[in-house]
Amino acid sequence: MSATSTESTRHLTTKSNAGAATNLQADQRQTTRRRTRRRLAPGRPIPGYRLLGPVLLLAAWVVTSAVGILDARTLSPPWTVVTTAGELIADGRLQSNLTTSLTRAVIALVIGVAAGVVLALAAGLSRIGEALIDGPVQIKRAIPSLALIPLAIIWFGIGEGMKVTMIVLSVFVPVYINTHASLRGIDSRYAELAETVGLRRWEFIWRVALPGSLPGFFTGLRISVTVSWLALVVVEQINATSGIGYLMSQARNYGQTDVIVVGLVVYALFGLASDTFVRFVEGRVLSWRRTLAG
Amino acid sequence: MATYAGRLSAPPAPDIARLAVRTTGLTRRFGDRTVLDRVDLTIEPGEFVALLGRSGSGKSTLLRALAELDHDVAGEGDIDVPENRSVVFQDSRLLPWARVLPNVVLGLSGGPGARQRGVAALAEVGLAGRERAWPTELSGGEQQRVALARSLVREPELLLADEPFGALDALTRIRMHGLLRELCERHRPAVLLVTHDVDEAVVLADRVLVLDEGRIVLDRPNNLPTPRAHRDPRFIEHREILLAALGVGITQDDEGNAEC
Ligand SMILES: Nc1ncnc2c1ncn2[C@@H]1O[C@H](COP(=O)(O)OP(=O)(O)O)[C@@H](O)[C@H]1O
Ligand SMILES: [Mg+2]
């Protein structure tokens, strides 16, 4: 029933509630079974449900190490990893390398995400922009970043500039692709509306294009955050003198598998944490959407 | 009443300078199909005109031409419309990512003043207190009322509406008719209401046009006193003449056929 005014809606709702109550009584009296149709969308979210998978994985690691299915030489047991992490923290190596890695990742993410959004807007809102930008980005996408490293070293040296540039080049692509796709998918009727209410170009970008492409932007951002960690590993294992990747490649030289696992756990924790953070922001910003995510 | 029937000539020469709408020789083509064929149309300030026509007769094409939304459509002719005009579409076309009030004041300049006008416009359409609702939280009728508020908050000289109630249920539509009449009497914009509902046209409009094969084939004033009752014999006469012009006449009365 479509509401015609708030007043009448309230009236009708009260009435139909009363009706439902009487029906329920009747049902109980006749003890008829009430069948409801099975819903196809997933039900309401369970609190903390996203942690369930990771926790099960951790439990499996603990149990298989404890009963000896998992050999310590294959994968260090969790308690050794905790002890090693404690030692690394005590002598300050974990913190200092982590800070270096985080700084690189954050700087590259900020630059890469901004570049991805600007390029997506330019390509999505003008034909010339699309002609100039979209092709090169697709080409960049087809070239593995790893293959660019030798050239990047020649061009930018082996300093921070090269590392950040390499991460930026990996990070901006998912943001660009998804934001651009989402922008292109905005219903053209909204552009028509913007014309009839006389929006100027920047108002159109701010009120229509940007908010309308946010769903794609967030998909891209989540991929980009993960990609930034992956790119970090790659660049830090080549010619680096600091960072988590450096810590791990050194450990490899000395055969310290426990340190390698500490590095992996750090990546895992930060990967999960940053993804959770982005999802949280996404949920807040896109609260207008009615989706299966709930 | 019968004297109105069949009047195809222009009404007593209107003062051109103060017309709300004037088109001369308006032609629009899609491919080699001429959808509007040299349409001459005038609407006076504050006049409420309904445009009837079969599906595909070019009503939306005409309205979009007046709204200057038909960028890539071939055609010629002169269009004179006020700069300050609003459009109401069949879908409410609210931005789903903006709450109700920002939707109403979309594109209005003037900061807090605009906000106040938006709140007042929402109150006028009976949605006071819903400023912070999301469009998806509103019923179809409520969404369309927000769209009306968005149009009227601009105090337009010309309101163009393309089947604005077409997607609503019958009960809601009747309420919306009342609301639209009331709002138009208060703000007095010139109105061009596109509809395929003959009763809607007779209930609301001061003048009813019928578009067929790209031409205006009937231009009929409607000065029945308001509120207009469906059982009023003059209402029935209007309706039959219009239906005949639309090619679905029920009675074989001579006047009706004279229109076609
Ligand atoms: N963008 C378009 N491209 C091609 N043909 C169109 C387009 N818009 C409308 N038409 C055609 O023009 C005719 C009139 O359309 P329209 O004005 O929407 O009719 P109405 O609103 O009266 O139902 C229809 O036959 C339709 O198919
Ligand atoms: Mg139409």
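Lettering of chains follows the sequences in order, A, B, ..., and the numbering in each one begins at 1. Here the structure is a predicted model, which is why all the values come from computation and not from measurement.
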Side chain, backbone, both or neither of B/R85 within contact of chain A (heavy atoms, under 4.5 Å): backbone
On the 0 to 90° scale, with breaks at 30° and 60°, tag the A/Y267-A/W229 ring pair as parallel, tilted or perpendicular. perpendicular
Output for pair (A/L125 CG, A/H180 NE2), nearest 0.5 Å, gives 8.5 Å
Using heavy-atom distances under 4.5 Å, tell me whether B/L94 contacts chain A through its side chain, its backbone, both, or neither. backbone
Measure the CG-CZ distance between B/L180 and B/R145 for me, rounded to the nearest 0.5 Å. 13.0 Å
Tell me, side chain or backbone of B/S86 under 4.5 Å from chain A's heavy atoms, or both, or neither? neither
Could you look at B/W134 and say if it's the side chain, the backbone, both or neither that has a heavy atom under 4.5 Å from chain A? side chain
Below 4.0 angstrom, N of the basic side chain to O of the carboxylate: do B/R99 and B/E131 qualify? no
What part of B/R93 is in contact with chain A, defined as an atom under 4.5 angstrom from a non-hydrogen atom: side chain, backbone, both or neither? both
Would you indicate whether A/R207, at its atom CZ, is surrounded by more than 12 heavy atoms from other residues, nucleotides or ligands within a distance under 6.0 Å? no
Looking at A/P211, A/S287, A/A194, which makes the most heavy-atom pairs under 4.5 Å with chain B? A/P211
I want to check a possible cation-pi pair here: A/R201 against A/F204, using under 6.0 Å from ring centre and within 45° of the ring axis as the test. no
Top contributor to chain B interface from A/L214, A/T196, A/L193 [non-hydrogen pairs under 4.5 Å]: A/L193
If I measure from the heavy atoms of chain B, does A/V285 come under 4.5 Å with its side chain, its backbone, both, or neither? neither
Please flag which part of A/E192 lies under 4.5 Å from any non-hydrogen atom of chain B: side chain, backbone, both or neither. both
Output the option from B/A98, B/G107, B/P96 having the highest count of non-hydrogen pairs under 4.5 Å with chain A. B/P96
One pair to check against side chain to side chain donor-acceptor pair (under 3.5 Å): B/E124 and B/H187. What are the steps and the verdict? CA-CA 11 Å; B/E124 261 193 296; B/H187 298 270; 3.0 Å; yes
